[in-house]
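Every value quoted in this text rests on a predicted model; they were computed, and no experiment measured them.
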Amino acid sequence: MLGHSETSHVAPIIGYHRAPLSQKFGAPRQPNLVALISVIEMLAPYDTPAAFVGLEGFSHIWISWQFHHNYLYKANSINKLSQSNQSKKKEHTTTANEATFRPQVRPPRLGGNRKIGVFASRSMYRPSGLGLSVVKLERVEVAEGRVLLMISGADMIDGTPIIDIKPYVAYSDALISADSGFAASVPTLLTVTMTVQVRDQFVKIISDGQDYRDRNKTSDKNSSLTAIIYTYQTQLIEADIDYINTLIAQDPRPAYRREELNKPFVMRYKNVDVSFQMIGERQLQITNVSNIN
């Protein structure tokens, strides 16, 4: 029987995703459904500009990343499994992922009530805990000698560990005749509205944020690298209202709760909590927005 060292692979974290969405709820379920701008902050020694020479010639890139918010990978879950396994004498060391392996999942696309094999899905609960996304490369930026990748269309949340980056090559990666199983078409968007009161709340939060930034122009937020990340991770601007509408139109609610009328849900975006609820068939309404700072 193979030992643990022969059945696993340790990959370095080369960077982190900096984005408006800090929680799983509200994040697009697939890449390129929402053209949300975000940033990949590279870590040393992988942040050297030399490592990205030639990448600007590609419009899209592949990102390998880790599902870091899954309970399977939290320290307390792993510790409990480790303690349990200490009493078991086996030639093969059981890892946390193996002990909690889910062979089947319930995709939201199928209504959340039909099971399929995990390897026939893009579920986040995978043995490797790894995600794979193709995103648009907006530009490669160098700030304070470090590389930042400006991307759009990511289905990753803030703080996501980045494992690898590769260029997207259209002639081999785009297979237009491929079958897509149960996900053959783009999901239909719901209609999203907001009250006048909510629009006023957005305007006030955006205005207050700008006033604060104007008063603190000498703060550390104005260093080149930090200011760029702050803009896409925290600073609420007018364009974010359209992004929020599009994210909610994807209907992030659990499949089993999609028939509930007038039941509030909250999506955290940058520095605000956005409340919304279903008000009619395929109609969602944003009912409140509050600053969390």
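D273 places no side-chain N or O within donor-acceptor distance of the main-chain N or O of V289, the cut-off being under 3.5 Å. The main-chain N or O of G54 is found under 3.5 Å from a side-chain atom of E56 such that the two form a donor-acceptor pair. A donor-acceptor pair is defined here as one N or O able to donate and one able to accept, closer than 3.5 Å; such a pair exists between the side chain of D158 and the backbone of A19. The backbone N or O of I237 sits less than 3.5 Å from a side-chain atom of D240, completing a donor-acceptor pair. Within the 3.5 Å criterion, the main-chain N or O of M156 finds no donor-acceptor partner in the side chain of T160. Counting only distance, with no hydrogens or angles, the side chain of S121 and the backbone of S123 share a donor-acceptor pair below 3.5 Å. Looking at H60, its side chain never comes within 3.5 Å of a backbone N or O of V134 through a donor-acceptor pair. In this structure a side-chain-to-backbone donor-acceptor pair under 3.5 Å is present from K270 to Q235. R102 places no side-chain N or O within 3.5 Å of a backbone atom of P127 that could act as its donor or acceptor partner. With hydrogens and angles disregarded, a donor-acceptor distance shorter than 3.5 Å links the side chain of E144 to the backbone of L225.
The hydrophobic cluster containing V118 also contains F182, counting ILVMFWY residues as joined when their side-chain heavy atoms lie under 4.5 angstrom apart, directly or transitively. A continuous path of Ile, Leu, Val, Met, Phe, Trp and Tyr side chains, each step under 4.5 Å between heavy atoms, connects V192 with L261, placing both in one hydrophobic cluster.
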| Worked verdict on E41 versus R146 for side-chain contact (heavy atoms from CB on, under 4.5 Å) | CA-CA 8 Å; E41 179 186 10; R146 296 179 57 196; 3.2 Å; yes
| message | Quick one, D200 with K204, criterion salt bridge (Lys or Arg N to Asp or Glu O under 4.0 Å). Give me CA distance, side-chain angles, the key distance, then yes/no. | response | CA-CA 6 Å; D200 291 342; K204 185 177 188 309; over 6 Å; no
| request: List the steps, then state whether side-chain contact (heavy atoms from CB on, under 4.5 Å) holds for N262 with M278. | output: CA-CA 5 Å; N262 304 316; M278 189 175 190; over 6 Å; no
| Evaluation steps, side chain to side chain donor-acceptor pair (under 3.5 Å), between Q250 and R29 | CA-CA 9 Å; Q250 308 284 329; R29 293 191 172 96; over 6 Å; no
| What do the steps show when you test L247 against L21 for side-chain contact (heavy atoms from CB on, under 4.5 Å), and what is the final call? | CA-CA 10 Å; L247 288 166; L21 293 165; 4.0 Å; yes
| query | After noting the C-alpha distance and the side-chain angles of Y256 and N113, does the key distance pass the side chain to side chain donor-acceptor pair (under 3.5 Å) rule? | reply | CA-CA 8 Å; Y256 66 91; N113 53 17; over 6 Å; no
| task | Tell me, with the steps shown, if M194 and N245 meet side-chain contact (heavy atoms from CB on, under 4.5 Å). | result | CA-CA 9 Å; M194 69 173 65; N245 271 280; 3.5 Å; yes
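Listed here is the closest heavy atom pair of Y168 and A174: OH-CB, 3.3 Å. The two residues V266 and S275 have their closest heavy-atom pair at CG2-OG, 3.7 Å. Residues I151 and A154 share a closest heavy-atom pair of CD1-CB, 4.0 Å. For the residue pair W65 and S133, the shortest heavy atom distance occurs at NE1-OG, 3.0 Å. Taking every heavy atom of both residues into account, A183 and R109 meet most closely at CB-NH1, 3.7 Å. The two atoms that bring F25 and M267 nearest to each other are O-CG, 3.8 Å, heavy atoms only.
For the atom pair CG (L43) and CD1 (I13), the distance works out to 8.0 Å, reported to the nearest 0.5 Å. The structure places NZ of K136 at 5.5 Å from OG of S152, a figure rounded to the nearest 0.5 Å. Rounding to the nearest 0.5 Å gives a distance of 15.0 Å between NZ of K24 and CZ of R268. Between the CD1 atom of I40 and the CD1 atom of I162 there is a distance of 4.5 Å, given to the nearest 0.5 Å. Atoms CD1 and OH, from I229 and Y232 in turn, are 11.5 Å apart once rounded to the nearest 0.5 Å. Rounded to the nearest 0.5 angstrom, S38 OG and H17 NE2 are separated by 2.5 Å.
For the pair I116/P107, a side-chain contact is recorded, criterion being any heavy-atom separation below 4.5 Å from C-beta on. Side-chain contact between I206 and I241: present, with at least one pair of heavy atoms (C-beta onward) separated by less than 4.5 Å. Here the side chains of T191 and R282 are not in contact, with every heavy-atom distance at 4.5 Å or above. I14 places a side-chain heavy atom less than 4.5 Å from the side chain of M42. Contact annotation: the side chain of V140 never approaches that of M150 to less than 4.5 Å [non-hydrogen atoms, C-beta and beyond]. Within the 4.5 Å cutoff, the side chain of T193 has no heavy atoms near those of the Q283 side chain. Contact annotation: the side chain of V147 approaches that of L149 to within less than 4.5 Å [non-hydrogen atoms, C-beta and beyond]. Residues L130 and I163 have side chains in contact (heavy-atom distance under 4.5 Å, counting atoms from C-beta outward).
Side-chain contact, W62 with D173: a donor N or O sits under 3.5 Å from an acceptor N or O.
One finds no salt bridge joining R253 and E260 here, because no Lys/Arg side-chain nitrogen approaches an Asp/Glu carboxylate oxygen to under 4.0 Å.
For R114, the CZ atom sits in a loose shell: 12 or fewer heavy atoms of surrounding residues, nucleotides or ligands are nearer than 6.0 Å.
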